[in-house]
*Asks:* 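Here's a structure for you.
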There are 2 protein chains.
Amino acid sequence: MGKNNVPRPTESELEILQVLWQHGPSTVRFVNDELSKRRDVGYTTTLKLLQLMHEKGIVARDDSSRTHVYRPALREQETQGVLIDRLLEAAFGGSALKLVQQALGNRKTSRAELDQIRDLLDSMDDQQDPDQPSPTATPDTK
Amino acid sequence: MGKNNVPRPTESELEILQVLWQHGPSTVRFVNDELSKRRDVGYTTTLKLLQLMHEKGIVARDDSSRTHVYRPALREQETQGVLIDRLLEAAFGGSALKLVQQALGNRKTSRAELDQIRDLLDSMDDQQDPDQPSPTATPDTK
DNA sequence: AATTCTTTACGAAACCATTCGTAACCCAAA
DNA sequence: TTTGGGTTACGAATGGTTTCGTAAAGAATT
């Protein structure tokens, strides 16, 4: 099992995942209240979505008590990674460089944030292993 | 008219847009041949997609001659920007920093690319003083 | 106990993306 | 003129996402 069959959340599902990531394991009621702060959404709609996400393996749930408690099945970073890969393939021809340039270039970014990115770049320099080629495009591992 | 009603291409539509961005204005036949290099797709499927994209305003077409010629209605960068905004909102709570960290962190990136990003960061430092708003980033109200 | 509130489960409707079959049309070649 | 290949237009089937109405069951309140 690699990243092959990692679930690909839809937009609504992501909305819910963000609530779970931010607040931790939550009931349908809580998630729905959070979503309702941003837009109109019925309780059973949120319920159904969570049930489907559960079937898909996107969330796990504790149904030991009557009101079930849902939590993300994947780490935030993992899911975000999948989504970036998706966008990278779909719109940037696989070039992470172009994506980052676009993300930074067309946007206001504070100096503090720029510095944080610089730190990240520096730490990546340290990890550079010159032995290996740079296979940005072939996660073919079987 | 701001970025409000900029079209939001689907995955298939992006596949086609990439062909158009890369090769310039093209006929259905050409686009379909390109897509066929990667996967199985019927001619009329590509045709229909292009027709729908035309209706949506995602592509423009020259139908002065019998075989129509399609071209992107938006610049590559513009569309990519919209898509990043979308992902940013949907999965990263709006934090471009987190997105970039994720894009770079979970991925092998060559030193050359890292250097290019550093250059970008440096040039952004220069622009830090927003007397002159960046020409790319503010298509405000007309 | 009866009522009300909360929750889950289920089914269906509405909508959209994707795919393709079929027909009509034009043009060029036979 | 007829045939055939390439093209556009259109409609429909399929499958997935999103929404919500309704029913059933449990829990709390009266």
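Per chain, numbering begins at 1; letters A, B, ... match sequence-line order. Worth saying up front: this structure is predicted, and the values here are computed from it rather than measured.
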*Asks:* At their closest point, which heavy atom of A:Leu14 faces which heavy atom of B:Ala90, and how far apart are they?
*Replies:* CB-O, 3.6 Å
*Asks:* Could you report the tightest heavy-atom contact between A:Gly24 and A:Ser26, atom names first, then the distance?
*Replies:* O-OG, 2.6 Å
*Asks:* Between B:Gln101 and B:Leu97, does a side chain to side chain contact (heavy atoms under 4.5 Å, CB included) hold up when you go through it step by step?
*Replies:* CA-CA 6 Å; B:Gln101 287 176 334; B:Leu97 173 63; 3.7 Å; yes
*Asks:* Looking at every heavy atom in both B:Leu121 and A:Leu104, which two are closest together, and how far apart are they?
*Replies:* CD2-CD1, 3.8 Å
*Asks:* Looking at every non-hydrogen atom in both residues, tell me the closest pair between B:Gln102 and A:Gln77 and how far apart they are.
*Replies:* OE1-O, 3.3 Å
*Asks:* Less than 3.5 Å apart, which donor and acceptor atoms pair up between the side chains of residues 40-58 of chain B and the rest of the protein, not counting sequence neighbours?
*Replies:*
{"residue": "B:Thr46", "atom": "OG1", "partner": "B:Asn32", "partner atom": "ND2", "Å": "2.7"}
{"residue": "B:Lys56", "atom": "NZ", "partner": "B:Glu13", "partner atom": "OE2", "Å": "2.7"}

*Asks:* Taking any heavy-atom pair under 4.0 Å as a contact, classify A:Arg8: base, sugar-phosphate, or nothing.
*Replies:* nothing
*Asks:* Less than 4.0 angstrom from a charged side-chain N to a carboxylate O is my criterion; do B:Arg38 and B:Glu15 meet it?
*Replies:* no
*Asks:* Going 5' to 3' along DNA chain D, which nucleotides are the first and last within contact of chain A (any atom under 4.0 Å from a heavy atom)?
*Replies:* D:dT17 to D:dA27
*Asks:* Does either side chain, that of B:Gln80 or that of B:Glu76, offer a donor lying less than 3.5 Å from an acceptor on the other one?
*Replies:* yes
*Asks:* Please list residues of residues 9-41 of chain B whose heavy atoms come under 4.0 Å from any atom in DNA chain D, ordered by number; otherwise none.
*Replies:* B:Val28, B:Arg29
*Asks:* Any donor-acceptor pair under 3.5 Å linking the side chain of B:Gln18 with the backbone of A:Glu89?
*Replies:* yes
*Asks:* Could you check which residues of residues 44-55 of chain B get a heavy atom under 4.0 Å from DNA chain D? Sort them by number, please.
*Replies:* B:Thr44, B:Leu47, B:Lys48, B:Gln51
*Asks:* Starting at CD of B:Gln116, measure out to NZ of A:Lys98 and round the result to the nearest 0.5 Å.
*Replies:* 12.0 Å
*Asks:* So, the side chain of B:Thr10 versus the backbone of B:Arg8: is there a donor-acceptor pair under 3.5 Å, distance only?
*Replies:* no
*Asks:* Run the side-chain donor-acceptor check on residues 64-73 of chain B: report pairs under 3.5 Å with partners two or more places apart or on a different chain.
*Replies:*
{"residue": "B:Ser64", "atom": "OG", "partner": "B:Asp62", "partner atom": "OD1", "Å": "2.7"}
{"residue": "B:Ser65", "atom": "OG", "partner": "B:Thr67", "partner atom": "O", "Å": "3.3"}
{"residue": "B:Tyr70", "atom": "OH", "partner": "B:Arg61", "partner atom": "NH1", "Å": "3.1"}

*Asks:* Can you sort out which residues in residues 62-74 of chain B have a heavy atom within less than 4.0 Å of DNA chain D? Ascending by number, please.
*Replies:* B:Arg66, B:Thr67, B:His68
